[in-house]
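Structure, as structure tokens:
Since the model is a prediction, treat every value here as computed from it, not as a measurement. Start at 1 with the first residue, then count along the sequence.
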Amino acid sequence: MLFSRMLRCPGVARPVVSCVLVVLAVVGCTGEAGTKAPGPSVDLSNDIEITSSQPFAGFPVEKMRTLEEIRRKLVYRCMVERRYRYYEQADPEAAPRLSPLLTLDRELVGWATEAHARGQGFGTNLPAVPAKVVASNTNHDKVLRNCVAEFRRKTGPHHRKVFRRAGDLRDEMSREYSDAVDSARLDELKAPVVECLADAGFDAEAEKRERFGLRPETFGIERGGPEGGQREPRLKREPGTIEVLPASPARRYVPSAKEAELAVAMFRCQHETGAVDVLRALVNDAQQVVWNRHEDELAELKKELAALVKAGTELL
């Protein structure tokens with residue numbers, strides 16, 4: 001499946017398409033605060049065009065995201081009430097820890113168009129990030145823990161149980177998807193793509209293909225990076241301090257020149273060999289097998305999450 005970025009599923013040597021990536025919040029001594037990060041929204045239209053019809057796109061990650069936003073709002077309000085004004089202008093919706101951001105395993109499902117391949121390469125755009133409160137202050141940490149505990153008292157143990165079960169189901173479906181994918185058939189379909197890439201001047205040792213797949217690293221190609229380069233936070237992180245990391249706008253991933261050439265060559269080879277449509281069908285079929293196995297559980301989970309959203313909204 002395809003969420004946020006491609007992962008290696010546990011116990012699988014080869015990279016496969018990841019399942020729903022739900023980054024569960026672990027509240028410690030860091031919290032987001034400040035105004036919504038400036039900058040344009042990241043364009044996901046090309047990727048969504050490919051992934052929206054996939055079975056795993058129906059996973060209730062949006063309801064989980066809403067629950068996480070409710071949690072942040074209540075915790076931020078609690079921090080403000082306890083005189084931590086850093087959180088007063090916080091925008092809980094600006095930094096979703098639950099990400100429905102769809103991305104693709106290009107080796108399996110490619111790009112929407114040749115222009116998309118050239119412009120996106122093998123990278124992922126970076127979403128906007130709001131200002132963040134970074135504390136090395138024991139008093140702050142204690143108050144934050146108390147606010148989290150207060151949130152849990154208000155929402156009750158069922159809230160946490162359902163939210164955790166959704167994350168566990170995500171992981172379980174990811175593992176099952178890895179097993180459901182017909183690896184032998186995938187290798188068979190990718191073989192002509194590998195030959196086509198070699199004819200286009202992109203050849204690599206079998207050992208490297210096994211390790212990296214059909215990625216820039218396999219061909220000794222350096223990747224690009226986010227527009228404007230990497231931005232390292234400049235924080236003192238001195239004991240007893242509370243600092244604010246400034247907001248960062250959304251940034252487009254810019255592939256290197258050779259990476260863009262490889263992406264275009266791979267796009268052409270996938271389509272010239274007719275492999276891409278069959279590869280996408282195999283991905284969808286594997287997802288459908290897993291989805292059908294958990295259909296009743298997913299239906300019940302969606303109802304419970306919807307009820308939690310309703311109850312949580314009433315607390316705001």
Side-chain angles (χ1 to χ4, degrees), residues 1-9 12-19 43-54 101-125 177-178 180-227 252-287:
M1 180 189 44
L2 313 152
F3 276 80
S4 181
R5 64 175 185 173
M6 197 188 67
L7 302 178
R8 288 179 183 269
C9 290
V12 181
R14 65 168 53 245
V16 297
V17 185
S18 68
C19 74
D43 182 9
L44 303 175
S45 56
N46 284 309
D47 287 357
I48 292 175
E49 178 183 334
I50 299 172
T51 60
S52 59
S53 63
Q54 293 184 334
L101 182 63
L102 299 179
T103 189
L104 311 175
D105 182 343
R106 308 298 181 184
E107 189 172 342
L108 297 183
V109 292
W111 297 262
T113 63
E114 184 173 318
H116 180 213
R118 187 182 301 280
Q120 191 66 54
F122 292 78
T124 303
N125 295 325
Y177 166 74
S178 300
V181 172
D182 188 341
S183 298
R185 180 61 173 149
L186 289 180
D187 290 340
E188 179 184 325
L189 286 166
K190 287 187 287 187
V193 176
V194 171
E195 293 181 10
C196 177
L197 285 173
D199 292 340
F202 295 97
D203 198 3
E205 300 173 0
E207 183 179 345
K208 287 187 176 180
R209 291 202 306 272
E210 180 65 25
R211 182 179 179 185
F212 298 113
L214 300 181
R215 295 186 179 81
E217 293 83 350
T218 301
F219 305 93
I221 294 174
E222 185 175 350
R223 288 177 180 258
E227 199 168 26
R252 184 174 64 90
Y253 177 85
V254 181
S256 67
K258 289 297 292 183
E259 178 186 357
E261 290 179 16
L262 172 62
V264 169
M266 189 163 160
F267 174 87
R268 291 173 178 171
C269 287
Q270 286 175 332
H271 286 267
E272 288 172 7
T273 61
V276 68
D277 290 334
V278 187
L279 286 167
R280 289 176 182 175
L282 284 176
V283 169
N284 280 17
D285 289 347
Q287 289 186 18

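The two residues A275 and V193 have their closest heavy-atom pair at CB-CG2, 3.8 Å. Closest approach of L279 to L108, counting heavy atoms only: CB-O, 3.0 Å. Of all heavy-atom pairs between A117 and A263, the closest is O-CB, 3.3 Å. Of all the heavy atoms in M266 and L214, the pair that sits closest is SD-O, 3.7 Å.
Every residue was checked against the side-chain contact (heavy atoms from CB on, under 4.5 Å) condition with D285, not counting sequence neighbours, and none meets it. Taking the salt bridge (charged side-chain N to carboxylate O under 4.0 Å, His left out) definition, one finds that E259 meets it with nothing, sequence neighbours left out. Taking E114 as the reference, R118, R268 meet the salt bridge (charged side-chain N to carboxylate O under 4.0 Å, His left out) condition, with sequence neighbours excluded. Taking the salt bridge (charged side-chain N to carboxylate O under 4.0 Å, His left out) definition, one finds that E222 meets it with nothing, sequence neighbours left out. Every residue two or more places apart in sequence or in another chain that forms a ring pair (Phe, Tyr, Trp, His ring centres under 6.0 Å) with F267 is listed here: H271.
Q270 places a side-chain N or O within donor-acceptor distance of the main-chain N or O of R106, the cut-off being under 3.5 Å. In terms of modelled atom types and a separation under 3.5 Å, the side chain of R223 and the main chain of F122 share a donor-acceptor contact. Checked by atom type and distance alone, the side chain of E217 never pairs as donor or acceptor with a backbone atom of G220 at under 3.5 Å. At least one donor-acceptor pair under 3.5 Å links the side chain of Y253 to the backbone N or O of G224.
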Quick one: side chains of residues 194-206, donor-acceptor pairs under 3.5 Å with protein atoms, not counting sequence neighbours, listed by atom name and distance.
none

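Here R215 contributes atom CZ and K208 contributes atom NZ; the two are 15.0 Å apart, rounded to the nearest 0.5 Å. We find the CD1-NE2 distance between I50 and H116 to be 6.5 Å, quoted to the nearest 0.5 Å. The line from CZ of R185 to CG of L189 is 4.0 Å long, rounded to the nearest 0.5 Å.
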